[in-house]
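Accompanying notes for the structure given below.
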Amino acid sequence: MAVLDILEFPDPRLRKTAVAVKNVDGKLIELIDNMLETLYAAPGIGLAASQVNIHRQVIVIDTSEERDQPLVLINPHILAAEEEIETSEGCLSVPGFYELVHRAQKIQYTAINRDGEPFSAAAEDLLAVCIQHEMDHLVGKLMVDYLSPVKRQLIRKKLLKQQKQKA
Ligand code: QAP
Ligand code: CO
């Protein structure tokens, strides 16, 4: 297993649209396991394949306290969404920034799991928010897109400066 490099805003590769997975084969399971390792190492609660520059519809999430309940979503779809919630969100691709974002509080969704089996489930609160945040990554959308242009530009400048210092 390996910890993967995470792309950071405003990297244009974060804007790519992910394609649906056709087969859950050994190579995809290796990607999933590397994404989980990357998620736990960060540490984070959610990571989309787009963030590690793999443009396939794969998400890993763990919102559990003990960090022992990995959730793998391949080709996720939201069937229904209701109620509104405003949560302070972070993003591994926007390190150091937490901002309020409106999302649906409850969702019903379908996806394929790590064993290649389709399933449907419901999620609420933090898990529901996290699934919506990660699904946005798969269509090249970022949490900063929900902020005012002024805030987004400020975050962009600060991160670019930070990235230049690291390089
Ligand atoms: C998305 O984000 C999320 O800035 C997942 O310095 C987050 O795991 C959805 C992280 C919150 C809903 C609520 C962020 C780690 C992790 C940082 C993450 C950082 C270190 C973010
Ligand atoms: Co994110």
Side-chain angles (χ1 to χ4, degrees), residues 1-18 31-78 81-109 111 121-147 151-167:
M1 294 224 288
V3 173
L4 308 170
D5 283 334
I6 298 174
L7 301 178
E8 291 186 3
F9 178 70
D11 193 311
R13 293 171 291 182
L14 287 167
R15 297 308 190 175
K16 291 182 153 191
T17 296
L31 169 67
I32 290 166
D33 292 344
N34 287 340
M35 284 174 63
L36 280 167
E37 190 170 342
T38 307
L39 180 75
Y40 290 125
I45 60 170
L47 181 73
S50 314
Q51 293 176 274
V52 294
N53 201 28
I54 304 287
H55 302 282
R56 309 253 182 85
Q57 293 175 18
V58 179
I59 290 169
V60 297
I61 290 175
D62 192 336
T63 55
S64 71
E65 290 281 333
E66 306 291 331
R67 311 198 47 73
D68 58 356
Q69 285 170 58
L71 178 65
V72 174
L73 306 185
I74 300 164
N75 301 349
H77 290 282
I78 289 179
E82 60 181 278
E83 310 292 339
E84 201 179 72
I85 187 176
E86 196 183 25
T87 313
S88 177
E89 293 187 15
C91 179
L92 288 168
S93 296
V94 191
F97 294 90
Y98 294 83
E99 299 289 345
L100 289 172
V101 178
H102 290 270
R103 304 277 188 186
Q105 185 255 329
K106 273 183 182 183
I107 59 168
Q108 280 185 49
Y109 67 96
E124 287 184 19
D125 302 319
L126 183 61
L127 178 57
V129 168
C130 198
I131 292 171
Q132 292 168 78
H133 174 116
E134 301 311 329
M135 284 182 69
D136 270 356
H137 279 296
L138 301 181
V139 292
K141 193 167 174 108
L142 300 174
M143 122 201 167
V144 295
D145 300 344
Y146 296 99
L147 309 178
K151 257 192 183 171
R152 182 162 55 247
Q153 190 63 13
L154 187 78
I155 293 174
R156 186 178 173 277
K157 277 176 84 174
K158 286 186 178 169
L159 283 178
L160 278 172
K161 190 175 163 192
Q162 220 183 75
Q163 289 159 21
K164 279 194 189 112
Q165 282 171 345
K166 270 195 269 174

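Indexing begins at 1, ligand by ligand and atom by atom, following the structure's order.
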Exercise for the section: Please list all pairs passing the side chain to side chain donor-acceptor pair (under 3.5 Å) test where one or both residues lie in residues 32-47, with sequence neighbours left out. Expected result: Asp33-Arg114, Tyr40-Asp62
Problem - Salt bridge flag under 4.0 Å for residues Glu8 and Arg13 - result: no
Exercise for the section: Run through Arg152, Lys141, Glu99 and flag the one making a side chain to side chain contact (heavy atoms under 4.5 Å, CB included) with Tyr146. Expected result: Lys141
Practice task
Could you give me a count of protein N/O/S atoms that are under 2.8 Å from the Co ion (ligand 2)?
Solution key: 3
Problem - Counterpart residues, side-chain contact (heavy atoms from CB on, under 4.5 Å), relative to Lys16 (two or more places apart) - result: His55
Fill in the blank from the handout: Value for CD1 (Ile155) from CD (Gln162), rounded to nearest 0.5 Å, stands at 11.5 Å
Handout entry: Neighbour count >12 (heavy atoms, 6.0 Å) for atom CG, Asp5
Key = no
Practice task
Run through Glu86, Glu89, Glu83 and flag the one making a salt bridge (charged side-chain N to carboxylate O under 4.0 Å, His left out) with Arg103.
Solution key: Glu89
Atom pairs, nitrogen or oxygen, ligand 1 to protein, under 3.5 angstrom:
from	atom 1	to	atom 2	distance (Å)
ligand 1	2 (O)	Gly90	O	3.4
ligand 1	4 (O)	Gly96	N	2.7
ligand 1	4 (O)	Tyr98	OH	3.3
ligand 1	6 (O)	Gly96	N	3.4
ligand 1	8 (O)	Ile45	N	2.8
ligand 1	8 (O)	Gly46	N	3.4

Exercise for the section: Measure from the side-chain N and O atoms of Arg15 to the backbone N and O of Gly140, and report whether any donor-acceptor pair falls under 3.5 Å. Expected result: yes
Handout entry: Residues Ser93 and Gln51: side-chain donor-acceptor under 3.5 angstrom
Key = yes
